[in-house]
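Taking it in order: structure first as structure tokens, then the write-up.
Order of listing sets the numbers, starting from 1, for every ligand and every atom in it. Model, not experiment: these values are computed from the prediction.
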Amino acid sequence: MTFEEAEVRAKQLKEAIEKHNYSYYILALPTISDFEYDLLLKELIDLEALYPQLQTSDSPTQRVGSDIDNEFTQVRHKYPMMSLSNTYSESDLTEFDLRIHKLISDIPIEYVCELKFDGTAIGLTYKNGVLVQAVTRGDGEKGDDVTVNVRTIKSIPLKLHSSDYPSEFEVRGEIFMPHASFQRLNKERIEAGDTPFANPRNAAAGTLKLLNSSEVAKRGLDCFIYHMLGDNLPFQSHYENLQKAKEWGLKVSDHARKCSTLEEVFGFIHYWDEERKNLPYDTDGVVLKVNSYTLQKQLGFTAKSPRWATAYKFKPEQAVTQLISVDFQVGRTGAITPVANLEPVALAGTTVKRASLHNADQIELLDIRLNDWVVVEKGGEIIPKIVGIDKSRREEGSEPFHYITNCPVCGTLLVKDEGEAKHYCPNDTGCTPQIIGRIEHFISRRAMNIDGLGAETADTLYNKGLIKDIADLYELKKERLEVLDRMGSKSAENIVAGIEQSKNVPFQRVLFAIGIRFVGETTAKKLAEALKSLDAIRHATREELLEVDEIGDKIADSIIAFFLKPKNIELLDRLKKAGLQFSLNEDEFKPLSDKLAGLGIVISGNFVKHSREELKQLIEKHGGKNLSAVSSTTSYLLAGDKMGTSKLQKAEKLGVKIISEDDFLNLMA
Ligand code: IVH
């Protein structure tokens with residue numbers, strides 16, 4: 001196929017796929033089967049592989065994301081991203097309406113009532129109909145540029161339909177995770193030994209900030225558009241512009257209504273307070289907006305929010321029931337969590353038997369006692385919480401609740417560090433749930449990702465005495481596994497192969513897997529990059545640890561405490577002998593030249609040829625030092641697109657040389 005033919009076909013395919021995306025994700029009326037859709041996409045992927053110049057940023061193939069870690073640059077919002085005043089009371093809405101009538105002469109006001117979607121806010125900029133940037137709220141002034149992740153959300157058009165849109169404008173909306181995606185994600189997380197998300201809102205916000213956009217693509221995020229900004233919008237009113245946005249292919253909710261009286265507004269609220277339970281996503285209220293832009297301008301803003309809009313929040317559903325007993329769970333790090341056992345009660349579509357009590361302070365604050373009648377609430381969380389007590393129904397002679405002093409499993413005296421809310425069991429090497437928790441963490445997907453070995457099997461291995469710690473895994477033999485109940489020869493073989501395979505897992509993940517308290521995935525990566533080997537980390541001074549990006553006092557102390565324990569050192573020695581990666585891959589940090597020796601370079605902005613991570617590695621591989629802030633000792637500021645203005649100003653003031661990506665690459669040529 002010639003390039004010209006491929007170009008014509010790619011254009012047809014891109015349009016057809018986007019049309020099907022629209023039918024599927026926005027209209028919910030698919031017109032072809034998944035199989036036919038996949039065929040079209042595959043054809044386009046193949047064409048773009050043949051002619052990479054056809055792979056434009058608005059191509060539907062770009063929605064699958066990439067495995068390259070991205071770092072988010074902060075960008076300033078063109079229009080500040082404000083929040084809304086909010087209330088739980090209908091009389092406040094009456095006052096809102098009165099205030100508006102007072103501020104503008106007494107003419108009838110047209111309101112728009114919308115659902116308040118419970119997710120995370122996003123600003124999308126379209127230039128000439130193409131999505132060019134997606135920015136989170138951040139602090140309202142500046143947010144994170146999460147465009148790479150947002151491109152993977154299928155209900156957000158990469159290119160708009162028709163052509164009567166302004167050459168540049170911004171839409172704001174809510175990125176959320178529908179219930180179905182949320183349940184699927186949490187099921188996967190539990191199976192993989194990861195902590196499930198507490199609610200769809202956290203899941204959406206967490207997903208949007210993931211460093212790996214191909215993971216974002218898999219999680220099924222969605223987005224409703226509820227606000228438009230720009231100089232040349234087609235109408236002078238909110239509702240009409242939203243309807244136009246729908247024609248352009250943006251996903252706008254069908255549930256928005258224009259209301260001309262407060263009675264209609266209350267009608268909308270009452271209807272949705274009940275009906276929202278049948279929606280496939282979370283809503284937490286209703287947003288009331290003045291429709292006319294002229295009136296919106298007249299009303300203006302307070303310091304924090306517009307005077308022309310407000311949010312009415314639905315009250316979380318509550319139920320009253322009796323507290324039977326309190327259990328104490330011990331986590332992988334020894335943290336104790338009290339859990340209330342309740343007389344079963346119906347709440348928001350499920351039967352509630354347990355509720356979280358958080359910690360000792362919470363129990364004391366509420367003065368919860370056994371057999372008390374407690375108010376439970378589902379505030380969007382899966383696990384309901386106890387928010388109050390009906391003291392009038394308290395039994396006579398009841399005693400204040402005494403928090404446990406010793407570990408419910410191993411009996412060790414609990415400790416509570418200053419500034420920490422939770423009690424801890426310090427017996428990390430002898431307390432069963434901590435040992436099992438550490439094994440489960442070690443084998444989990446984000447850590448060693450041992451194929452064929454799930455949390456349940458690991459528990460069995462421990463309970464049957466086949467393993468006592470993570471190092472024992474590397475001594476497991478197929479023959480010993482085979483004798484376990486429900487374990488076939490094939491499964492046993494898979495487990496042994498998976499364990500063997502895990503010896504190739506890169507050092508930064510091994511560092512995360514060994515479970516040093518407070519050393520999460522990102523910290524492990526930073527530590528590994530900075531200090532290169534487990535030995536170096538073990539022998540690093542507190543000062544050296546504190547020099548590593550993102551490591552503060554709490555983490556540094558925890559690392560030091562970990563390496564002070566002989567049992568940990570012994571365990572690490574056994575893992576090292578087993579053949580796990582205890583240092584960064586030699587090739588990853590073998591010097592390529594000393595062309596940048598003695599140079600300190602600060603990177604800022606987005607680049608065309610390399611990711612920021614790759615540039616950082618290039619600096620180090622050529623003997624230079626990657627610095628995070630501009631100072632008088634900085635040799636160069638490597639400036640990309642949309643770089644931070646403060647860095648630029650500082651570099652100019654200090655006379656630091658500013659270089660482009662090409663200048664930089666030439667330094668090493
Ligand atoms: S309008 C200036 N409409 O609720 C007006 N917000 O605190 C901008 N939200 O930040 C907001 N659904 O994240 C608006 N239909 C809706 C909304 C909505 C959810 C979120 C949004 C906003 C927050 C208000």
Side-chain angles (χ1 to χ4, degrees), residues 77-88 92-93 96 100 111-124 134-144 146 150 153 155-156 169-178 199-209 221-230 233 237-239 241-243 245-246 250-259 265 268-269 272-273 275-276 279-293 295-314 379-380:
H77 290 293
K78 184 166 178 195
Y79 311 91
M81 222 175 191
M82 297 203 147
S83 61
L84 292 175
S85 58
N86 68 64
T87 174
Y88 287 92
D92 280 356
L93 291 187
F96 171 80
I100 286 182
Y111 287 116
V112 181
C113 282
E114 292 168 16
L115 289 174
K116 187 169 183 309
F117 309 104
D118 200 7
T120 181
I122 194 78
L124 308 172
V135 184
T136 61
R137 167 197 293 283
D139 62 5
E141 295 287 328
K142 287 183 266 81
D144 280 330
V146 290
V150 164
I153 302 174
S155 52
I156 296 182
F169 69 105
E170 184 175 337
V171 294
R172 300 252 165 100
E174 197 83 350
I175 291 187
F176 62 97
M177 190 173 281
N199 54 46
R201 184 190 344 107
N202 291 2
T207 300
L208 197 60
K209 293 286 191 73
L221 291 178
D222 205 338
C223 178
F224 276 124
I225 299 305
Y226 52 62
H227 192 52
M228 295 174 66
L229 292 152
L233 296 175
S237 54
H238 170 69
Y239 186 84
N241 277 331
L242 279 188
Q243 301 316 307
K246 203 184 280 185
L250 289 155
K251 180 160 172 161
V252 174
S253 166
D254 287 330
H255 302 316
R257 290 284 174 274
K258 290 205 270 190
C259 297
V265 171
F268 184 92
I269 291 177
W272 281 108
D273 198 358
E275 196 52 31
R276 70 189 178 111
L279 290 171
Y281 45 80
D282 278 358
T283 54
D284 61 343
V286 164
V287 182
L288 183 58
K289 302 173 182 173
V290 171
N291 194 26
S292 146
Y293 283 173
L295 296 183
Q296 285 189 6
K297 270 192 210 105
Q298 274 187 43
L299 291 162
F301 296 84
T302 69
K304 276 191 286 184
S305 52
R307 284 200 195 88
W308 45 262
T310 193
Y312 172 85
K313 303 255 276 188
F314 296 132

### Message
Just to verify, what does Phe176 make a ring pair (Phe, Tyr, Trp, His ring centres under 6.0 Å) with, not counting sequence neighbours?
### Response
Phe224, Tyr281
### Message
Checking the side chain of Asn199 only, and the main-chain atoms of Arg201 only, is there a donor and an acceptor separated by less than 3.5 Å?
### Response
yes
### Part of Arg137 within contact of ligand 1 (heavy atoms, under 4.0 Å)
side chain
### Query
Does Tyr312 reach the main-chain N or O of Gly285 with its side chain, forming a donor-acceptor pair under 3.5 Å?
no
### Task
Flag Ser83 as yes when one of its N or O atoms lies below 3.5 Å from any N or O atom of ligand 1, and as no otherwise.
no
### Task
Give yes if a backbone or side-chain nitrogen or oxygen of Glu174 is under 3.5 Å from a nitrogen or oxygen of ligand 1, and no if not.
yes
### Task
Could you say whether the N/O atoms of Lys116 and ligand 1 ever approach to under 3.5 Å?
yes
### N or O contact, His227 vs ligand 1, cut-off under 3.5 Å
no
## Note on the structure
Taken to the nearest 0.5 Å, the spacing of Leu250 CG from Ile156 CD1 works out to 9.0 Å
#### Entry: Option whose closest heavy atom lies nearest to atom 17 (C) of ligand 1, chosen from Tyr226, Trp308, Phe301, Phe224
Tyr226
#### Entry: Check: Val287 N/O within less than 3.5 Å of ligand 1 N/O
no
### Task
Look only at interatomic distance and state if Phe117 has a nitrogen or oxygen under 3.5 Å from any nitrogen or oxygen of ligand 1.
yes
#### Entry: Nearest neighbour in protein (non-hydrogen) for atom 2 (C) of ligand 1
Pro306 CG, 3.7 Å
### Query
Between Met81 and ligand 1, which residue portion shows a heavy-atom distance shorter than 4.0 Å: side chain, backbone, both, or neither?
neither
### Query
What is the ring orientation for Phe268 with Trp272, classed by angle as parallel under 30°, tilted 30 to 60°, or perpendicular over 60°?
tilted
### Query
Which bit of Leu115 is near ligand 1, meaning a heavy atom under 4.0 Å away: side chain, backbone, both or neither?
backbone
#### Entry: Nearest-0.5 Å distance that lies between atom CZ in Arg172 and atom CE in Met82
10.0 Å
### Task
Using the side chain to side chain contact (heavy atoms under 4.5 Å, CB included) rule, take Leu299 and Ile100 through it: C-alpha gap first, then chi angles, then the decisive distance, then the call.
CA-CA 8 Å; Leu299 291 162; Ile100 286 182; 4.2 Å; yes
### Query
For Lys313, does the NZ atom have more than 12 heavy-atom neighbours from other residues, nucleotides or ligands under 6.0 Å away?
yes
### Summary
When distances are taken from atom 5 (C) of ligand 1, the protein heavy atom at minimum range is Leu84 CD2, 3.8 Å
### Query
Nearest to atom 3 (N) of ligand 1, what protein heavy atom do you find, and at what distance?
Lys289 NZ, 3.0 Å
### Query
Roughly how far, to the nearest 0.5 Å, is the CG atom of Leu208 from the CG atom of Leu221?
7.0 Å
